[in-house]
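Proteins get letters first, then strands, A, B, ... in listed order; numbering begins at 1 in each. Values in this document were obtained by computation on a predicted structure and should not be read as measured data.
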Number of protein chains: 4
Amino acid sequence: MLAKAKKPKWERKAEERPGALLEAALDVFTRQGYRAARLESVAEAAGVSKGTIYRYFENKEDLLKRALQDKVDVKIAHAEAALQEIRGGADVKLRYILDRYWKRAMEPDWGRFHRLMFGEIASEQPLLFRFWIEKGTVRAWKLIEDIIRAGQAEGAFRKDADAQGIAQFALSGLTHQAYLKMHLGQRGSGVCPPDRIFASSFDLLITGLKPKTPAGKNHD
Amino acid sequence: MLAKAKKPKWERKAEERPGALLEAALDVFTRQGYRAARLESVAEAAGVSKGTIYRYFENKEDLLKRALQDKVDVKIAHAEAALQEIRGGADVKLRYILDRYWKRAMEPDWGRFHRLMFGEIASEQPLLFRFWIEKGTVRAWKLIEDIIRAGQAEGAFRKDADAQGIAQFALSGLTHQAYLKMHLGQRGSGVCPPDRIFASSFDLLITGLKPKTPAGKNHD
Amino acid sequence: MLAKAKKPKWERKAEERPGALLEAALDVFTRQGYRAARLESVAEAAGVSKGTIYRYFENKEDLLKRALQDKVDVKIAHAEAALQEIRGGADVKLRYILDRYWKRAMEPDWGRFHRLMFGEIASEQPLLFRFWIEKGTVRAWKLIEDIIRAGQAEGAFRKDADAQGIAQFALSGLTHQAYLKMHLGQRGSGVCPPDRIFASSFDLLITGLKPKTPAGKNHD
Amino acid sequence: MLAKAKKPKWERKAEERPGALLEAALDVFTRQGYRAARLESVAEAAGVSKGTIYRYFENKEDLLKRALQDKVDVKIAHAEAALQEIRGGADVKLRYILDRYWKRAMEPDWGRFHRLMFGEIASEQPLLFRFWIEKGTVRAWKLIEDIIRAGQAEGAFRKDADAQGIAQFALSGLTHQAYLKMHLGQRGSGVCPPDRIFASSFDLLITGLKPKTPAGKNHD
DNA sequence: TATGAATGAGCCTTCATTCAT
DNA sequence: CATGAATGAAGGCTCATTCAT
């Protein structure tokens, strides 16, 4: 008990260093691309020297994997945490969760991360890519799907809608739009501003999910 | 007769070389990524030696640019050609065009091409990327948008829908789903099969666009 | 006799081609340097294609050798021809021949030729270089030396002067000065203009060669 | 004790590397020519591997420039240092300084250095070449010129001699002769041995500079 | 343990040379 | 015989990785 508290400085350091490296690596890789990025840039960004990387990671690929793993874990944890807090009807929940996603997707680092994942990791680290999709994306789909299902159960949404397909389609629509925004900026001719994209997407979704003839209300 | 069958060390095919190289380059670049691809692989794929590339292209970057340009031109030409042939109401047109897009997007080379574009070209050749988006993607959006507008004019679609926003959202939804399919395959747990994705996406779109109280039917 | 006159065109061409190539090669090599020059440049300058060079020359080195050999032969022939035409005393002859040399050395192609010889040929083709020196330079020295000796015999130059050493030194002085002029131009600060260099060089030479106590004048 | 004598794969000599590389580069470049020299040869000569060069120099050209700059600086510094130590009349000074120059010029590395400068640098690095000429050659000319002028002021040399022109001519004569010696060796037929060249050159110079009628002595 | 000098495999590019046409 | 497309060895440069300090 006593001995445990007496952690030498360098040991703590050794624990912390990988964190800084992981962060730096992710930042550099997402900005410059995995292959294009030099390990020296990562070291510099982390404030350590090139050689130090090899104390904590086997090689460049290992650094990539661990950095992504780390990020994926964090992202998923965050998402999970924020999930069940919402109260309200299915449409309220849906708006809340999609709005949240859209806002996050508008941040620059989100776009860079996705570019890395879809561009290089998808082909060079397929297992990792799939892991990320399954732990992150698929889970998000599921979430939306569940909300839709709940809505159907409530009678707020029409029962013949394919909850799963629609959830996936809708989230993909937002994801890809966000992705394009990063590369094109707002100005591109013929490109909707973010707010309108979200508004019309959500409008389509809600309208498309509404019961055709709102049973109860029709009679009254 | 027997002796005549001598095999030349190489053949003189100045006319076909550039095209073959362009094709080989695109194939190799989309499969391996631009940076990761060695020029020697391209040469090999085209059945020539490394040096030959430099007779027709200035350098690796030039080869990339021209290969993409070429592809983009071809794609756009194809799309343009097939556009106006469709007859029928807005909903028929919409189904036809989206179905076409979806089928194309299910082909493996489409996915690889997109991965290259969104992964490396977007960051390393931004001008080329934007050109592609503007000539290809934005034009496709426009097409969908116009069909929706026509449907609104006909009374087939509700007038308060944001044609532009919905068009972009919908096409992005399909694009991104197709993209994921390439990497995940059909089997992934929790992943809808292609047909269902398309069906439910189209269903959402049509349902979401329908007039709230279909004028004629209301009276009956 | 009849048959000989009927020389087909291509046969004449074949004879002429090497001449044009030789000239082009020398021009290109002297301008760009032997190693830096591409054979394609030579071909282009000669108005033929790359492959044609190999019909007449074994390889790049052979082309260089033959082009130089050719040039050396021509230069020497020219020099020899113009040598014995001069009449007059030793000092007149000396002025004539050095003036001639200086004027030639001021022409740009002379400088380029020397740069090639002293820069690359001297180390890469030592035998050829030596041949050139012996056939050209040494012969020129000899010529000056002989004129000085003649002057000594006439009593115009002092007898204790080392005719050979002085001849070589003097010609080298002019050669090197000409060489520098090519690279520095006239403007360089602290650099004498060509005319003054020649005038003062010749002045030094003549003055330095004059008998210490000019016989006739001694008596006065 | 025995086990300790382990030979490391390489040694860490950050301080000495640049200097050693500079030296090796100059040696290799002057021997093989700049373009002909492979960077690997330079590395080998310096006892390091190819890649190490790039830690200290940007590229081949940078290495060349810095090696030359370095050499020029050293040469000029040496020359400057040894200048003003000489005492005596103008003729003594002149002999001293020319003798010194001649001896230096007889050393093999001097010749190789000049071949590089005049052969390749003059055309490929004109600015550097001009810098060298101005800092080195022109300054040396000036020195000789000043000595001649001093001699003229003292009455040791005739006043109507063109000090500048003669200084340049004389130094060029020695320079070029030294240059030829390197390539021809002593043996060449019709080529004066070094000592005689210097002796006769100096003799011509002194004799050519002496006052025509040594004023004082004439009257007595 | 951290550093960064040193290594060397790898890849783009050039160009002398060959050879199908 | 002339052409110029094709070859492939060579060399400059980069950077992941190793290792002396």
Side-chain angles (χ1 to χ4, degrees), chain A residues 8-11 13-14 17 35-43 47-61 63, chain B residues 6-17 35-43 46-61 63, chain C residues 8-11 13-14 17 35-43 47-61 63, chain D residues 6-17 35-43 46-61 63:
Chain A
K9 273 181 209 164
W10 60 261
E11 205 175 2
K13 250 187 177 174
R17 210 51 63 88
R35 299 209 63 124
R38 284 175 304 144
L39 238 19
E40 196 150 23
S41 307
V42 174
V48 299
S49 75
K50 238 185 336 171
T52 301
I53 293 175
Y54 286 85
R55 181 152 300 281
Y56 298 101
F57 305 96
E58 279 177 42
N59 50 34
K60 197 183 181 184
E61 192 180 328
L63 176 61
Chain B
K6 59 184 164 185
K7 178 169 50 103
K9 287 188 181 173
W10 45 266
E11 279 173 294
R12 211 183 173 89
K13 290 184 178 175
E15 297 301 294
E16 304 164 28
R17 278 311 179 233
R35 293 195 82 110
R38 282 173 303 145
L39 241 16
E40 198 152 19
S41 308
V42 175
V48 298
S49 79
K50 244 187 325 175
T52 299
I53 293 175
Y54 288 85
R55 170 158 298 280
Y56 301 100
F57 305 95
E58 279 180 37
N59 49 36
K60 197 182 179 185
E61 190 181 330
L63 179 60
Chain C
K9 274 180 210 164
W10 59 262
E11 207 175 1
K13 253 187 174 170
R17 212 49 67 85
R35 298 207 63 124
R38 283 175 304 144
L39 239 19
E40 196 150 22
S41 307
V42 174
V48 298
S49 75
K50 238 186 335 173
T52 301
I53 294 176
Y54 286 85
R55 182 152 299 283
Y56 298 102
F57 305 96
E58 278 178 39
N59 50 33
K60 197 184 181 184
E61 192 179 330
L63 177 61
Chain D
K6 60 183 164 187
K7 179 171 49 104
K9 287 189 182 177
W10 46 266
E11 279 173 294
R12 211 181 173 91
K13 290 183 177 176
E15 297 301 295
E16 304 164 28
R17 279 305 181 235
R35 292 195 82 111
R38 282 173 303 144
L39 240 17
E40 198 152 21
S41 308
V42 175
V48 298
S49 79
K50 242 185 331 172
T52 299
I53 294 176
Y54 290 86
R55 170 158 297 279
Y56 300 100
F57 305 95
E58 279 180 36
N59 50 35
K60 196 182 180 185
E61 190 181 330
L63 179 60

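- Here D:Arg17 reaches the OP1 or OP2 of E:dA6: one of its side-chain N or O atoms lies under 4.0 Å away.
- With rounding to whole Å, D:Glu11 atom CD is found 16 Å from F:dT18 atom C1'.
- Of all heavy-atom pairs spanning D:Lys50 and D:Ala43, the tightest one is N-CB, 3.7 Å.
- Per the geometry, CZ belonging to B:Arg55 stands 11 Å off C1' belonging to F:dT3, to the nearest Å.
- At the heavy-atom level, C:Ala36 lies nowhere under 4.0 Å from the strands shown.
- Atom CZ of B:Phe57 is separated from atom C1' of F:dA6 by 15 Å (rounded to the nearest Å).
- Atom CD in C:Glu58 sits about 10 Å away from atom P in E:dT18, given to the nearest Å.
- If you find the closest nucleotide of DNA chain F to A:Lys60 and to D:Trp10, the one lying nearer the 5' end belongs to A:Lys60.
- Protein atom CD1 of C:Ile53 is 17 Å distant from nucleotide atom P of E:dC19, rounded to whole Å.
- When the side-chain nitrogen and oxygen atoms of D:Thr52 are compared with OP1 and OP2 of E:dT7, one or more of them lie within a distance under 4.0 Å.
- Across all their heavy atoms, A:Arg35 and A:Lys60 have their closest contact at O-NZ, 3.4 Å.
- Contact annotation: B:Tyr54 side-chain N/O to E:dT14 OP1/OP2 distance is not under 4.0 Å.
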Worked check of side chain to side chain contact (heavy atoms under 4.5 Å, CB included) between C:Tyr54 and C:Leu39: CA-CA 10 Å; C:Tyr54 286 85; C:Leu39 239 19; 3.4 Å; yes

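- The CD atom of D:Glu11 lies 9.0 Å from the CD atom of D:Glu16; values are rounded to the nearest 0.5 Å.
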Bracket string, DNA chain F, 5' to 3' - pairs by Watson-Crick or G-U geometry under 3.5 Å, | interstrand: .||||||||||||||||||||

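- If you check F:dT3, F:dG8, E:dG8 against the side chain of D:Ser49, the one that comes closest is E:dG8.
- For A:Arg55, the side-chain contact (heavy atoms from CB on, under 4.5 Å) test picks out no residue, with sequence neighbours left out.
- Counting non-hydrogen atoms under 4.0 angstrom, D:Arg38 reaches the backbone sugars and phosphates but no base.
- The shortest distance between the side-chain N/O atoms of D:Arg12 and the OP1/OP2 oxygens of E:dA6 is not below 4.0 Å.
- Of the residues near DNA chain F, D:Asn59 and B:Ala14, the one whose nearest nucleotide (by heavy atom distance) lies more toward the 5' end is B:Ala14.
- Counting to the nearest Å, the C1' atom of F:dT17 and the CD atom of A:Glu40 are 12 Å from each other.
- In this structure, B:Ala46 reaches neither bases nor backbone, as no heavy-atom distance under 4.0 Å exists between it and the strands shown.
- Across all strands, A:Ala43 comes closer than 4.0 Å to no nucleic acid atom at all (heavy-atom distances).
- The residue A:Lys50 sits close to a base: some heavy atom pair falls under 4.0 Å.
- At whole-Å resolution of the value, CG in D:Leu39 and P in F:dG12 are 5 Å apart.
- Between atom CD1 of residue C:Ile53 and atom CG of residue C:Asn59 there is a gap of 11.0 Å, rounded to the nearest 0.5 Å.
- When each of D:Arg35 and C:Gly51 is assigned the nucleotide of DNA chain E with its nearest heavy atom, D:Arg35 is the one assigned upstream, toward the 5' end.
- Within the 4.0 angstrom heavy-atom criterion, only backbone atoms of the sugar-phosphate kind lie near B:Tyr56; the bases stay farther away.
- Counting to the nearest Å, the P atom of E:dT21 and the NZ atom of B:Lys9 are 14 Å from each other.
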